Amino acid sequence: METPVLGFELRCPHLFNISSRPSSSLSPPTVSLRIPTTAAASTVVESPATVAEAPRSKRHSNTYLTRKSAISEVERSPDFLSSLQRLERVLKVQDLNVILRDFGISGRWQDLIQLFDWMQQHGNISVSTYSSCIKFVGAKSVSKALEIYQSIPDESAKTNVYICNSILSSLVKNGKLDSCIKLFDQMKRDGLKPDVVTYNTLLGGFIKVKNGYSKAMELVGELPHNGIQMDGVMYGTVLAICASSGRCEEAESYIQQMKVEGHSPNLYHYSSLLNSYSWKGDYKKADELMTEMKSVGLEPNKVMMTTLLKVYIKGGLFERSRELLSELESAGYTENEMPYCMLMDGLSKAGKLEEAKLIFDDMKGKGVKSANLVPISESLQVRFGGQLRSNRLASLPVFLDNDFNFPFSSDGYANSIMISALCRSKRFEEANQLARDSETTYEKCDLVMLNTMLCAYCRAGEMESVMRMMKKMDEQAVSPDYNTFHILIKYFIKEKLHLLAYQTLLDMHSKGHRLEEELCSSLIYHLGKIRAHSEAFSVYSMLRYSKRTICKELHEKILHTLIQGKLLKDAYVVVKDNAKMISQPTLKRFGRAFMMSGNINLVNDVLKVLHGSGHKIDQVQFEIAISRYIAQADKKELLLQLLQWMPGQGYVVDSSTRNLILKNSNLFGRQLIAEILSKHHVRPLVKSRSQPKFRCK
DNA sequence: CTAGGGTTAG
């Protein structure tokens, strides 16, 4: 039922604007010829208020039919806005909602937005309008859905459960689960009373995220607290979550539980359970499941059979897979590439490239189409890019960024799989050739396809093609992902374009992608070799501060590079933070290097850090340090500090150093020097810290 | 006759 929660009825044009046009200008309904023109016209001229309060059955029925025909007239009209203008007084807000949904279902995005605008301007709008509009728009773009949400003038409607469910669903569909949960909490604070659909919307977000199962279980756990019972759909979602994390036992127990509660499993439930068997390729259980399902009168559909195919492939039953694929073909379920792709991929991963290629060729011969997504209408961007944003956006919660999701048509799954398969078998020339073919065949490629081709070109060493692909991605405004960066950096290293690799890594880091240690490590090595020491250090630092632990050889490796590049202050930082993970010879090398040419003001600090880490400082280091101090008389204080520090830690100066100091003692005050050196007389036994006299048991 | 949620995918 339509509730006038928004308080628009007062502004409703029906009440004030009824006879702005003569009724004679109204066109007759074009659809339902059974309704006489006059009847339609007279209904229109009557105040809808009268209609609403006097539902005499005949007239009501007439009105209903009139409205129905008006709905389809608007839907079919080539210029629906003018039809809308004409039929304004016939159509109720719920009729407009029906039209809106029809536009949404048939992908008429521009019309949907125009109608929504029109309804807003005419104050003929309801909760359902917002809910539906957000649903359709939000499937494509979170930010646009949020703009609509923010534009709702009635505060109480913002916590309407249907509207909230729509907006939460938009966030989930666009992979913004964290934002979704935050917004959900916010909405609850603002008065939302979540229902079973709300919870299920959130749960839906856990289907394809890692650790989704345990997070989902937390949410399921709070259902009783909110007095919500799981329904059939929610069991479907929960089973999908189990399946997507390979938890077949949990899935089985949920099926059991739902049966106990009196729900009979349908195809959704069975296909998720089946999918949970695909992880281990448990075809035995899968067959049993199919038998049970048929015994309760359910016919396997396309999804079911495709999922079964997946189980057989995972289980390595390629002969049965091929048979099942034929069954899919005769059932008409192979109008797109997907099932062929699954089999090809499975075969190639099992090392059966030739058999995979046979499937590929067979599929190509049959002229199978690839699955295309409908691209977002440009008008939608234009419309919302303009006036609607502005002041409203400023009030959006900060955690919700306005990201777009552009679904591009995704041609060429099969080619992409085949290219990967060829690369896997190191047949780079063939992969290269197929990538070129794909480029000419498919106008637009999605990111995975682009990455696959890029990879093939890189492996084949086709620099020009690599550059062409990068340009293409740029032109198609496809932003590179982790894989893209990874492929490129590896390739640049291989081609000895180390600085380019470095630049690309910086780019990757700035885009927020995690850095892989092995790749960084290799780059650090090569940058060191070409004496790009500070670049090497910046790679190390990026890795160091984005990861909790890194392999200890890396500290060692960077230290050698820094010493070689005389970046001793950086080296000191590395030693200070990781001394315990660095080998003694490397510490020694660092110590000597620092004594020789490190910042003289830090010499004592460095010695203390080295010593504090358990490193035994050798005489050479002291000797170099002390000669530097002597050569620089203004560092007198530092020398005295060092000499005073040494005996307490079990170090004494050797005789040549001692002589050097005495020779220059006039610079420091003979008396003081003699006093300090007297403590260096007795060379204590090197019973080091690691060998305490008394061991505790 | 009236909004919002669940199945296969490189």
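What's counted below: heavy atoms across the whole structure, side chains too, no hydrogens, waters or symmetry copies. This structure is a prediction, so every number in the text was calculated from the model and none was measured.
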Between CE of A:M258 and P of B:dT7 the distance, given in whole Å, is 14 Å

Categorize A:M234 for me: base, sugar-phosphate, or nothing, with a 4.0 angstrom heavy-atom threshold over every strand shown. base

At under 4.0 Å between heavy atoms, what does A:L203 touch on the DNA or RNA strands: base, sugar-phosphate, or nothing? nothing

With no hydrogens and no angle check, do the side chains of A:N483 and A:H486 hold a donor and an acceptor under 3.5 Å apart? no

*Are more than 12 heavy atoms from other residues, nucleotides or ligands located less than 6.0 Å from atom NZ of A:K215?*
yes

request  = Give A:I417 one of three labels, base, sugar-phosphate or nothing, depending on what nucleic acid heavy atoms sit under 4.0 Å from its own.
outcome  = sugar-phosphate

Salt-bridge criterion met for A:K182 and A:D178 (N-O under 4.0 Å) = no

In numerical order, the residues of residues 269-286 of chain A whose heavy atoms come under 4.0 Å of DNA chain B are A:H269, A:S271, A:S272, A:N275

Whole-Å distance, A:L96 CG to B:dT2 P, equals 17 Å

Hits for salt bridge (charged side-chain N to carboxylate O under 4.0 Å, His left out) against A:E299, two or more places apart or cross-chain, chain-then-number order -> none

A:K364 meets the side-chain contact (heavy atoms from CB on, under 4.5 Å) criterion, sequence neighbours left out, with A:F360, A:N415, A:Y442

* To do: Would you tell me if any nitrogen or oxygen in the side chain of A:K310 comes within less than 4.0 Å of OP1 or OP2 on B:dA9?
  => yes

Whole-Å distance, A:L308 CG to B:dT7 C1', equals 14 Å

Here the distance between atom P of B:dC1 and atom CG of A:L65, to the nearest Å, is 12 Å

Check: Is A:S132 near enough to B:dA3 that one of its side-chain N or O atoms lies under 4.0 angstrom from OP1 or OP2?
Finding: no

Side-chain atoms of A:S131 come closest, of B:dA3, B:dT7, B:dG6, to B:dA3

(Q) Whether the side chain of A:S128 and the base of B:dA3 hold a donor-acceptor pair under 3.5 Å is what I'd like checked. (A) yes

Out of B:dT7, B:dG5, B:dG10, minimum distance to the side chain of A:Y268 belongs to B:dT7

When rounded to whole Å, the OH to P distance for the pair A:Y482 and B:dG10 reads 19 Å

Taking only the side-chain nitrogens and oxygens of A:K173, find out if one of them lies under 4.0 Å from OP1 or OP2 of B:dG5.
yes

Atom CD of A:Q229 and atom P of B:dG5 are separated, to the nearest Å, by 22 Å

Here the distance between atom C1' of B:dG5 and atom CD1 of A:I241, to the nearest Å, is 11 Å

Kindly list each side-chain donor-acceptor pair under 3.5 angstrom involving residues 417-426 of chain A, sequence neighbours excluded, with atom names and distances?
residue	atom	partner	partner atom	Å
A:S420	OG	A:S416	O	3.2
A:R424	NH1	A:S348	OG	2.5
A:S425	OG	A:A421	O	3.4

Among B:dA3, B:dT8, B:dG10, the one nearest any side-chain atom of A:R101 is B:dA3

Output a table of donor-acceptor pairs, distance under 3.5 Å, between side-chain atoms of residues 235-242 of chain A and any protein atom two or more places apart or on a different chain; print 'none' if there are none.
residue	atom	partner	partner atom	Å
A:Y235	OH	A:Q257	NE2	2.9
A:Y235	OH	A:E261	OE1	2.8
A:Y235	OH	A:E261	OE2	3.2
A:T237	OG1	A:N200	OD1	2.8
A:T237	OG1	A:N200	ND2	3.0
A:T237	OG1	A:V233	O	3.2

Side-chain atoms of A:K135 come closest, of B:dG5, B:dA9, B:dC1, to B:dG5

Rounded to whole Å, NZ of A:K302 lies from P of B:dT8 at a distance of 13 Å

Residues passing the side-chain contact (heavy atoms from CB on, under 4.5 Å) test with A:S170, sequence neighbours excluded, are A:V142, A:A145, A:N174

Closest to the side chain of A:T201, out of B:dG5, B:dC1, B:dG10, is B:dG5

query = Hey, does A:V196 reach any base, or is it just sugar-phosphate, or nothing, if we go heavy atoms under 4.0 Å?
reply = base

Picking from B:dA3, B:dG6, B:dG10, the nucleotide nearest the side-chain atoms of A:V127 would be B:dA3

